[in-house]
Trainee: 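The following block contains the structure, expressed as structure tokens.
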Amino acid sequence: MAEIVSLGEGVAELVRDGNSVALEGFTHLIPFAAGHELLRQGRSELELIRMTPDLLYDQLIGMGVARRLVFSYGGNPGVGSLHRFRDAIEHGWPRAIELDEHSHAGMANRYAAGAADMPFAVMRGYRGTDLAAHAHLAPITCPFTGETLVAVPALRPDVAIVHAQEADRQGNVQLWGIPGVQKEAILASQRSLVTVERIVKELEPRPGGIVIPHWVIDAVAEAPGGSLPSYSLGITERDNEFYRFWDEVSRDRQAFTAWMQEHVLGEVAAR
Amino acid sequence: MAEIVSLGEGVAELVRDGNSVALEGFTHLIPFAAGHELLRQGRSELELIRMTPDLLYDQLIGMGVARRLVFSYGGNPGVGSLHRFRDAIEHGWPRAIELDEHSHAGMANRYAAGAADMPFAVMRGYRGTDLAAHAHLAPITCPFTGETLVAVPALRPDVAIVHAQEADRQGNVQLWGIPGVQKEAILASQRSLVTVERIVKELEPRPGGIVIPHWVIDAVAEAPGGSLPSYSLGITERDNEFYRFWDEVSRDRQAFTAWMQEHVLGEVAAR
Amino acid sequence: MSTVSAPSSAEVQTVVAARRLRDVRTVFIGVGRPSTAAILARMVHNPELVLVYESGTIGAKPFHIPLSIGDGELAQTADAVVSVPEMFNYWISPGRIDVAFLGAAQVDRFANLNSTVIGDYEHPRTRLPGAGGAPEIAASCGEVVVVAPHSKRTFVAKLDFLTTVGHGDGPGARELLGFRGRGPTAVITDLGVLEPDPETCELRLTTVHEGVEPDQVREATGWELALAPEIAITPPPSDDELAALRELVSR
Amino acid sequence: MSTVSAPSSAEVQTVVAARRLRDVRTVFIGVGRPSTAAILARMVHNPELVLVYESGTIGAKPFHIPLSIGDGELAQTADAVVSVPEMFNYWISPGRIDVAFLGAAQVDRFANLNSTVIGDYEHPRTRLPGAGGAPEIAASCGEVVVVAPHSKRTFVAKLDFLTTVGHGDGPGARELLGFRGRGPTAVITDLGVLEPDPETCELRLTTVHEGVEPDQVREATGWELALAPEIAITPPPSDDELAALRELVSR
């Protein structure tokens with residue numbers, strides 16, 4: 001029963017201090033506007049879950065709202081490091097964060113198990129790596145072949161936040177292009193908020209379109225351009241320059257903080 | 001590396017006596033033409049795998065080519081019994097067949113495990129039923145929560161045969177409408193044959209379209225109308241009258257045999 | 001003053017099933033009478049009702065009664081169409097569907113169902129289609145409504161094969177099996193409605209359709225059918241309901 | 001007679017990586033130089049090469065070098081786009097991809113890779129991005145080609161963290177771990193090519209790029225780098241290769 005709300009209302013209703021929150025979107029459709037709204041509303045002590053932390057989580061981590069990070073790849077894709085992510089882990093600035101680190105295959109299977117409401121997923125992975133000692137895993141034996149595989153625990157975030165191209169007035173959501181783990185994130189979570197580029201009268205079926213029915217979504221908020229500097233295929237384009245620019249501005253704590261104050265907390269869109 | 005072949009060549013190259021063969025298609029896109037070609041080429045001793053045996057397997061079973069049936073629902077959907085299926089199980093006519101019987105959820109998970117090349121899948125299911133004593137299952141315990149779940153063994157057919165709306169000249173296949181377990185069946189199998197309504201120069205992306213790349217398919221054969229009396233969404237319509245007609249003709253062994261001789265072995269398309 | 005001819009018992013059964021979907025968000029349906037009832041419910045009682053078929057169509061809005069659960073119209077009118085593995089793993093098993101309509105060849109006093117065989121499994125007298133999605137659907141959906149014709153052949157003291165668990169052997173059985181949903185809440189027949197006794201989980205007659213006597217229902221039941229303290233009479237199909245149903249069937 | 005200016009060492013590295021894809025059907029690629037090499041291979045050597053990115057795009061045909069693995073052009077030109085769970089479970093893990101191109105911050109003598117941390121995991125000197133898809137990609141794809149810049153910082157005697165298994169601790173290690181693919185078959189650097197010794201699995205220098213001396217490579221390597229009995233010299237980029245690469249980069 002998706003309610004159509006403003007972005008401010010959606011975040012206020014669904015996200016509480018201390019929650020585990022998955023803002024997903026694999027390179028594509030990253031919910032920047034919603035993440036910024038979390039900051040403006042002063043949410044704190046969050047467990048942030050995301051396969052690819054990217055710039056949005058660099059910003060959230062740099063602003064100190066994350067107590068824990070669940071992830072599998074924390075880089076600025078094609079550019080280099082996430083400097084705020086590094087600073088938090090290397091120097092505890094502005095605070096230390098706990099890590100729950102996995103591989104992509106592990107995270108994807110954890111979301112899929114959550115979406116199926118299974119307590120775990122079975123996969124081949126992690127074997128022989130040092131990651132196996134840090135990730136939460138367990139061996140599991142195939143009862144038919146005797147092969148030993150790996151079990152990973154399901155992810156069940158308190159809240160999923162994803163961005164999509166459009167929703168209809170009932171709150172049915174359609175996204176197309178790279179689908180990532182957005183559907184799994186919504187289905188795995190207790191509550192969900194979807195921001196969309198536009199609300200339309202009727203969804204027009206698209207090639208590659210994935211429709212998520214309104215009755216598994218709590219709230220839908222219109223947020224045009226809400227995935228920038230990431231993109232919404234067919235509507236906005238990835239701002240690759242911003243990804244390069246971020247490499248500079250985020251290197252320095254003060255420059256970062258000033259930029260966030262001016263462009264995010266000052267309620268001007270990130271750009 | 002899909003080779004574009006005739007239906008006769010495709011069946012001749014890929015299906016051998018004694019093989020396990022999954023002709024899939026969940027109500028939609030059932031590969032009747034390919035199944036009939038199996039009969040015309042005299043394949044025998046097959047293990048037939050299919051969630052919903054439907055009329056096609058009623059025909060194959062009635063003609064005595066199946067030594068074993070792996071399935072989860074053997075009915076004429078919306079009409080009633082599959083009389084040849086019943087006659088084989090109840091009276092061993094024309095021969096007795098071994099059954100490997102599952103639920104839909106079990107079969108779907110077995111295909112998914114096969115597609116992932118995992119030895120088994122974990123699910124919640126079968127509990128408390130008499131089916132649990134007949135299906136090949138094993139209990140499995142979640143290493144994190146202690147919950148006992150059910151493991152089902154992967155399906156790895158020798159050959160998958162599915163029907164789709166179209167392929168391009170490289171053998172990339174596109175289907176749309178109800179997707180069933182076709183993709184899983186192809187990916188789970190050692191070899192695969194796809195029959196299509198038409199071969200086109202270029203696939204035009206469609207809403208709901210699923211593209212299966214040519215390099216996981218062995219052969220593609222053009223077979224217009226090849227899913228009738230089932231259907232290929234957007235191209236042919238389900239022949240509901242034939243499903244009702246089959247209820248009559250298939251009741252009687254002689255009427256059945258005569259019909260098959262005339263309409264299938266006589267190489268006239270099944271309507 | 002009705003100008004519509006009197007309803008048949010099958011029509012009453014369908015109308016009663018449709019009414020059950022008045023305040024329901026999502027319903028899972030097989031083919032046949034359940035499908036007709038769900039489409040009727042969308043026409044008359046609950047236009048927002050979401051129809052889910054195991055073929056993978058979510059939010060189908062069929063204009064005609066589909067013959068199979070995979071008719072083209074279901075895919076063409078659905079909000080979303082998913083693969084069969086996704087349907088079971090992401091939608092059914094996690095308990096996202098409020099009500100499931102199921103049929104069966106045999107129903108016992110705890111609303112357990114048989115759709116596998118009559119007689120012995122290895123040497124059946126009658127081989128039935130088999131489980132399909134029913135075991136996991138009945139374990140997972142919010143509640144189950146069984147729709148079946150009332151006769152001693154169907155309502156039996158002992159199932160020949162337990163395909164689908166209703167209330168197992170009584171109170172606590174579902175919890176012990178780790179099931180999610182509440183299980184069968186009603187069995188709607190052409191004679192009346194059976195509902196589980198809240199204490200014992202055993203089906204008892206709670207409602208008879210107009211013109212049906214409780215004794216008639218007991219005689220058509222293969223065990224000593226308990227009666228509820230008060231037995232209601234099904235409010236007869238309204239003109240609207242009946243007209244809509246007949247119009248639907250004639251499409 | 002070439003009218004093209006001499007290639008840089010990075011250009012040579014990219015060209016050599018692209019040549020590796022001449023007879024390959026499917027290649028899995030991350031961003032950066034591997035992506036450039038794979039697109040170049042499609043332009044020059046193997047127009048049918050299928051590019052697979054972990055973002056879910058299968059058969060992408062990018063005209064530009066993507067900055068990220070999820071740029072819009074990849075989805076728009078792909079034969080198929082799948083979810084991340086499907087990419088790993090149905091495509092990567094079953095070993096459907098012939099060659100994987102991987103990068104790393106550290107490479108050891110058995111072509112094991114570190115992309116997690118420099119220093120201690122709990123108190124890292126440099127926190128790197130992490131595993132991403134690499135551990136399962138390297139375990140499952142037909143073979144792995146590592147593309148990395150040659151320096152003692154990268155080619156180390158001991159990894160600070162083992163993110164991705166190459167040849168483990170030597171012969172038999174991958175089999176023992178139940179891995180599917182053959183593991184790293186080459187490490188392509190800006191100085192030359194290292195390939196595992198068939199007997200010991202240890203990387204040895206098999207090829208140097210034009211103008212590079214084997215000793216120069218050994219000095220840039222953090223362990224006593226073995227040399228193959230005969231060391232080949234990389235055939236320099238042809239005019240076609242270089243022109244195509246430069247045109248691609250300039251798009």
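Heavy atoms only: backbone and side chains are in, while hydrogens, waters and symmetry mates are out. Keep in mind the model is a prediction, meaning the values are calculated, not measured. In what follows, chains are A, B, ... by sequence order, proteins preceding strands, each numbered from 1.
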Trainee: Nearest 0.5 angstrom please: T163(D) OG1 to Y126(A) OH, how far?
Mentor: 12.5 Å

Trainee: On a heavy-atom basis, which atom in L99(A) and which in R127(D) lie closest, and how many Å separate them?
Mentor: CD1-NH1, 3.8 Å

Trainee: Write down the atom of R244(A), the atom of L67(D), and the distance for their closest heavy-atom approach.
Mentor: NH2-CD1, 3.7 Å

Trainee: At a 4.5 Å cut-off on heavy atoms, which part of P135(D) comes close to chain A: side chain, backbone, both, or neither?
Mentor: side chain

Trainee: Do other residues, nucleotides or ligands put more than 12 heavy atoms under 6.0 Å from H123(D) NE2?
Mentor: no

Trainee: For M107(A), is it the side chain, the backbone, both or neither that has a heavy atom under 4.5 Å from a heavy atom of chain D?
Mentor: neither

Trainee: Please list, in residue-number order, every residue in residues 73-89 of chain D that has a heavy atom less than 4.5 Å from any heavy atom of chain A; write 'none' if there are none.
Mentor: A75(D), Q76(D), V81(D), V82(D), S83(D), V84(D), P85(D), F88(D), N89(D)

Trainee: Measure L159(D) against the heavy atoms of chain A and call it side chain, backbone, both or neither at under 4.5 Å.
Mentor: neither

Trainee: Rounded at 0.5 Å granularity, tell me how far CD1 in I92(D) sits from CZ in R124(A).
Mentor: 14.0 Å

Trainee: Please look at R125(D) and chain A and tell me whether the side chain, the backbone, both or neither of the residue comes under 4.5 angstrom of a heavy atom of that chain.
Mentor: backbone

Trainee: Of the non-hydrogen atoms in A131(D) and L131(A), which two are nearest, and what is the gap between them?
Mentor: CB-CD2, 3.7 Å

Trainee: Which of residues 79-93 of chain A have a heavy atom under 4.5 Å from any heavy atom of chain D?
Mentor: V79(A), F85(A), R86(A), I89(A), E90(A)

Trainee: Taking R238(A) for its side chain and D71(D) for its backbone only, find out whether a donor-acceptor pair lies under 3.5 Å.
Mentor: no

Trainee: Can you tell me how far CG of N109(A) sits from CD of E136(D), rounded to the nearest 0.5 angstrom?
Mentor: 8.5 Å

Trainee: Of the backbone (N, CA, C, O) and the side chain (C-beta and beyond), which part of I210(A) lies under 4.5 Å from a heavy atom of chain D, both, or neither?
Mentor: neither

Trainee: Please determine whether side-chain contact (heavy atoms from CB on, under 4.5 Å) holds for the pair H134(A) and F161(D), giving the CA-CA distance in whole Å, both sets of side-chain angles, and the decisive distance to 0.1 Å.
Mentor: CA-CA 11 Å; H134(A) 294 278; F161(D) 191 96; 3.6 Å; yes

Trainee: For chain A, which residues from residues 103-121 of chain D have at least one heavy atom closer than 4.5 Å to it?
Mentor: T116(D), Y121(D)

Trainee: Between D130(A), T129(A), T27(A), N76(A), who has the most heavy-atom pairs with chain D when the cutoff is under 4.5 Å?
Mentor: D130(A)

Trainee: Nearest 0.5 Å please: distance from the OG atom of S55(D) over to the NE2 atom of H28(A).
Mentor: 10.5 Å

Trainee: So how far is it from I69(D) CD1 to F26(A) CZ, rounded to the nearest 0.5 Å?
Mentor: 4.0 Å

Trainee: Taking non-hydrogen atoms and a cut-off under 4.5 angstrom, which of residues 140-156 of chain D neighbour chain A?
Mentor: none

Trainee: Highest number of heavy-atom pairs under 4.5 Å with chain D: which of S103(A), A121(A), G75(A)?
Mentor: S103(A)

Trainee: Could you check T52(A) against E54(D) for side-chain contact (heavy atoms from CB on, under 4.5 Å), going step by step and ending with a plain yes or no?
Mentor: CA-CA 12 Å; T52(A) 55; E54(D) 70 191 349; over 6 Å; no

Trainee: What's the separation between atom CD1 in I178(A) and atom OG in S68(D), rounded to the nearest 0.5 Å?
Mentor: 7.0 Å

Trainee: At a heavy-atom distance under 4.5 Å, which candidate from G106(A), S232(A), G180(A) has the highest pair count against chain D?
Mentor: G180(A)

